[in-house]
Amino acid sequence: MKQINHYIDSTFYHQDPLLEDVISSIEENGMPSISVSPSSGKFLSMLVSISGAKKILEIGALGGYSGICLARGFGSAGNLTSLELEEKYAMLAASNLSKAGFSQQVSYMTGPALQSLATLAEDKKRFDFFFIDADKDNYENYLNYCLSLAEEGALIVTDNVLAGGSVADPSAKNKRYTEIMKKFNETVANHPQLESILIPIGDGITISKVKIKE
């Protein structure tokens, strides 16, 4: 899995000073180095661009790496709402999104994501693209909220679904969330409201399309 990701990153990813500065800022602020991989970031930009999504909800901002990749997909004609537990992280993400030219198109809600999602549901907000990259224990809860906030045809994209390969490879070292990811993957693969596929890029990304009601 590492060899394949190294090949993809070295072949399809080109030097990006802005995103590399984001990685440096995350390290300088003592935050965990758990941003999406370079190729996963490029993949997010392409997904947003191809789908034409303009109203994006991100669950888990960290330092803004994935937020910039998502915003690049909609350019000057979209908005990103990002949920982040830590105020410090949200402030750094906002600063990095501002440096990328998206300060007027991004807003942050801090605190537990489930509380922010409940607020968005009460306010009857709707989104056409979701990116879940937060605490794994709540992935299924986040998925259910995304479904309640989704427009028909919306995409729900979820990171870390391969858990370092341990969901599929018995020789891979299990992570704390291996069993959670196995259950989550089964859920999205068989959910009556979703059409889903898993892409083995980075730590694995599932793409789920909310079915249009007939």
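Source: prediction; values computed, not measured.
Closest approach of Met181 to Lys136, counting heavy atoms only: CE-CB, 4.1 Å. The minimum heavy-atom distance between Gly63 and Asn96, with the atom names listed, is O-ND2, 2.8 Å. Counting all heavy atoms, side chain and backbone alike, Tyr139 lies closest to Ala134 at CE1-O, 3.4 Å. Here the closest non-hydrogen pair linking Val48 and Gly73 is CG1-C, 3.6 Å. The shortest non-hydrogen separation linking Gly64 to Leu97 is O-CD2, 3.6 Å. Here the closest non-hydrogen pair linking Ile26 and Pro32 is CG2-O, 3.5 Å.
The number of heavy-atom neighbours closer than 6.0 Å to CD1 of Ile4, taken from other residues, nucleotides and ligands shown, is 12 or below. Dense packing is recorded around CE of Met31, with more than 12 heavy atoms of other residues, nucleotides or ligands lying under 6.0 Å away. No more than 12 heavy atoms of other residues, nucleotides or ligands lie within 6.0 Å of NZ in Lys209, so this atom counts as exposed by the packing criterion.
Here the straight-line distance linking atom CE of Met46 with atom CZ of Phe12 works out to 9.5 Å at 0.5 Å rounding. Put simply, CD on Glu84 and OG1 on Thr110 are 8.5 Å apart, with the number rounded to the nearest 0.5 Å. Note that CD1 of Ile156 is 8.0 Å distant from OG of Ser196, once rounded to the nearest 0.5 Å. Taking CG of Asn5 as the start and CG of Asp203 as the end, the distance is 8.0 Å to the nearest 0.5 Å. Taken from CD in Glu58 to CD1 in Ile132, the straight-line distance is 11.5 Å, to the nearest 0.5 Å. To the nearest 0.5 Å, atom CG of residue Leu120 and atom CZ of residue Arg126 are 10.5 Å apart.
The closest donor-acceptor contact from the side chain of Asp128 to the backbone of Lys55 lies under 3.5 Å. Between the side chain of Ser45 and the backbone N or O of Cys69 there is at least one donor-acceptor pair closer than 3.5 Å. Not one N or O on the side chain of Ser103 forms a donor-acceptor pair closer than 3.5 Å with the backbone of Lys99. Of the possible donor and acceptor atoms, none in the side chain of Glu86 sits under 3.5 Å from a partner among the backbone N and O of Gly111. A donor-acceptor pair is defined here as one N or O able to donate and one able to accept, closer than 3.5 Å; such a pair exists between the side chain of Ser10 and the backbone of Tyr7.
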- [ ] Give the intermediate values and the outcome of side chain to side chain contact (heavy atoms under 4.5 Å, CB included) for residues Ile68 and Leu19.
- [x] CA-CA 8 Å; Ile68 290 173; Leu19 289 180; 3.9 Å; yes
Task: Derivation of the side chain to side chain contact (heavy atoms under 4.5 Å, CB included) call for Cys146 and Ile59 - done: CA-CA 10 Å; Cys146 289; Ile59 303 174; 4.0 Å; yes
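Linking ILVMFWY residues whenever their side-chain heavy atoms come closer than 4.5 Å, directly or via other members, places Val36 and Ile199 in the same cluster. A single hydrophobic cluster is seen to contain both Ile197 and Ile201, as judged by linkage of ILVMFWY side chains at heavy-atom distances under 4.5 Å, directly or through other members. The hydrophobic clustering, which links ILVMFWY residues whose side-chain heavy atoms are closer than 4.5 Å, places Leu80 and Phe43 together. Following chains of ILVMFWY side-chain contacts shorter than 4.5 Å, one cannot reach Leu143 starting from Ile207, and the two form parts of different hydrophobic clusters. Cluster annotation: Leu62 is connected to Val157 through the hydrophobic network of ILVMFWY side chains, with a link wherever side-chain heavy atoms come within less than 4.5 Å.
Between Asn79 and Lys54, the closest side-chain pair of non-hydrogen atoms is not below 4.5 Å. Side-chain atoms of Ser76 and Phe102, non-hydrogen and from C-beta on, never get closer than 4.5 Å to each other. Here the side chains of Val161 and Phe184 are in contact, with some heavy-atom distance below 4.5 Å. Considering only heavy atoms from C-beta on, Asp137 comes within 4.5 Å of Arg176 through its side chain. Met109 places a side-chain heavy atom less than 4.5 Å from the side chain of Thr81. Looking at heavy atoms from C-beta onward, Tyr108 lies out of side-chain contact with Met91 at the 4.5 angstrom threshold. By the 4.5 Å heavy-atom criterion applied to side chains, Ile56 and Phe127 are not counted as neighbours. Contact check for Ser33 versus Ile23: no side-chain heavy atoms found under the 4.5 Å cut-off.
The pair Glu152-Lys211 does not count as a salt bridge, with every side-chain nitrogen at least 4.0 angstrom from each carboxylate oxygen. Remark: Glu186 does not engage Lys183 in a salt bridge, criterion side-chain N to carboxylate O under 4.0 Å.
Each of Asp135, Leu57, Leu83 was evaluated against Tyr142; a single residue qualifies, Asp135, per the side-chain contact (heavy atoms from CB on, under 4.5 Å) test. The side-chain contact (heavy atoms from CB on, under 4.5 Å) with Ile205 is formed by just one residue from the set Asp159, Asp133, Leu198; it is Asp159. Checking Leu155, Leu70, Leu47 one by one against Phe131, the side-chain contact (heavy atoms from CB on, under 4.5 Å) holds for a single residue, Leu70.
For residues 15-33, every residue pair satisfying the salt bridge (charged side-chain N to carboxylate O under 4.0 Å, His left out) rule, not counting sequence neighbours, is listed here: Asp16-Arg72.
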